[in-house]
Amino acid sequence: MHDPKMMDKIENGAGFIAALDQSGGSTPKALAGYGVEADAFSNDDEMFALIHDMRSRIVTAPSFGNGKVIGAILFEKTMDGEAGGKPVPTLLWERGVVPFLKVDKGLEDESDGVQMMKPNPGLGALLERAKAKGVFGTKMRSVINLASPTGIAAIVKQQFDVAGEILDHGLMPMIEPEVNIKSAERAQCDAILLEELTKQLDALPEDRKVMLKLSIPTKANLYAPLVDHPRVARVVALSGGFSRDEACAELAKNRGMIASFSRALLQDLRHSMTDGEFDQSLGGAIDQIQKASTVKV
């Protein structure tokens, strides 16, 4: 059973979801963008401590609690950590931000034009811990590089199979079959993905809903049928390598899609900023992304 207040916030909130879930492979790049170079840490523990400090600074900033951020996706170590003297999921919900957890273990090598999720034998135990900590939902990513009907069907089936286990634990699954925006077959990938997602959604029982995290489609409003589908709680968009200006311009063309940006949200934040400068920069990014999520052109 989902928390009804969190569910209402996610389904109806006039805002967007912050993606703060960079994992081991992407953490050095995220830190470099923040102005912390690789010579600032000598092992994984020091690296994760630095990225946790960055995330703590974000979630405790005044602008992060202004109502425009309705959710935040966390990395496992962030979920287990503290910010502002409180467990991160607790702090987030006190600020009106619904906590999610990244649960996938990374990607397999490309096969049949796609990268499936790696096996995740510890998922059940992780879901139990997340539920106990007040986490509302999960996120899991796979990647589509080519317009392979069989590959895309396999990736969507895997996502929905795992989503069933997540729903069984009382959490909301956010399904993320990312279409690579650099793919030469991007438009065809979008169309095949829409077809496969619709098949799986139509097969869900009436008492189950999922969220979808999708690349912004090449054709505006292509995913409008997913926004309207009764088994979908919310459709959110990833920035996928676009700059914030590009991502917001494209997102604003798509009715019902809200942002779930990572790099596009964090791109202007720097470790060297004063707290005032940091909050001003973060607040400007939040305002821009929230507008693109709620004001459509």
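Owing to the predicted nature of the structure, the values given are computational and were not obtained by experimental measurement.
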Do the charged groups of [X] and [Y] touch, with an N to O distance under 4.0 Å?
X	Y	result
Asp53	Arg55	no
Lys118	Glu108	no
Arg141	Asp21	no
Arg244	Asp268	yes
Glu206	Arg231	no

Cationic tip of Lys77 above Phe48 ring, under 6.0 Å, 45° of axis: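 Because its charged atom sits under 6.0 Å from the ring centre and within 45° of the axis, Lys77 does stack over Phe48.
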Members besides Ile181 in its Ile/Leu/Val/Met/Phe/Trp/Tyr cluster (side-chain heavy atoms under 4.5 Å):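 Direct or chained contacts put Ile181 with Phe242.
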Shared-cluster residues of Val143, by chain and number - hydrophobic side chains joined below 4.5 Å: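 Noted: Val143 shares its cluster with Leu107.
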Under 3.5 Å side-chain donor-acceptor pair for Asn145 and Glu110: yes
No-hydrogen, no-angle side-chain donor-acceptor test under 3.5 Å, Ser243 and Glu246: yes
Sole candidate of Lys105, Gln159, Glu176, Gln158 that passes side chain to side chain contact (heavy atoms under 4.5 Å, CB included) when paired with Met140: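 So the option named by the test is Gln159.
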Could you tabulate the donor-acceptor pairs under 3.5 Å formed by side-chain atoms of residues 165-173, not counting sequence neighbours?
from, atom 1, to, atom 2, distance (Å)
Asp168, OD1, Arg208, NH2, 2.5
His169, ND1, Glu165, O, 3.0
His169, NE2, Glu128, OE2, 3.4

Test of ring centre spacing under 6.0 Å for Phe261 and Phe16: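 No - the distance between ring centres of Phe261 and Phe16 does not fall below the 6.0 Å cut-off.
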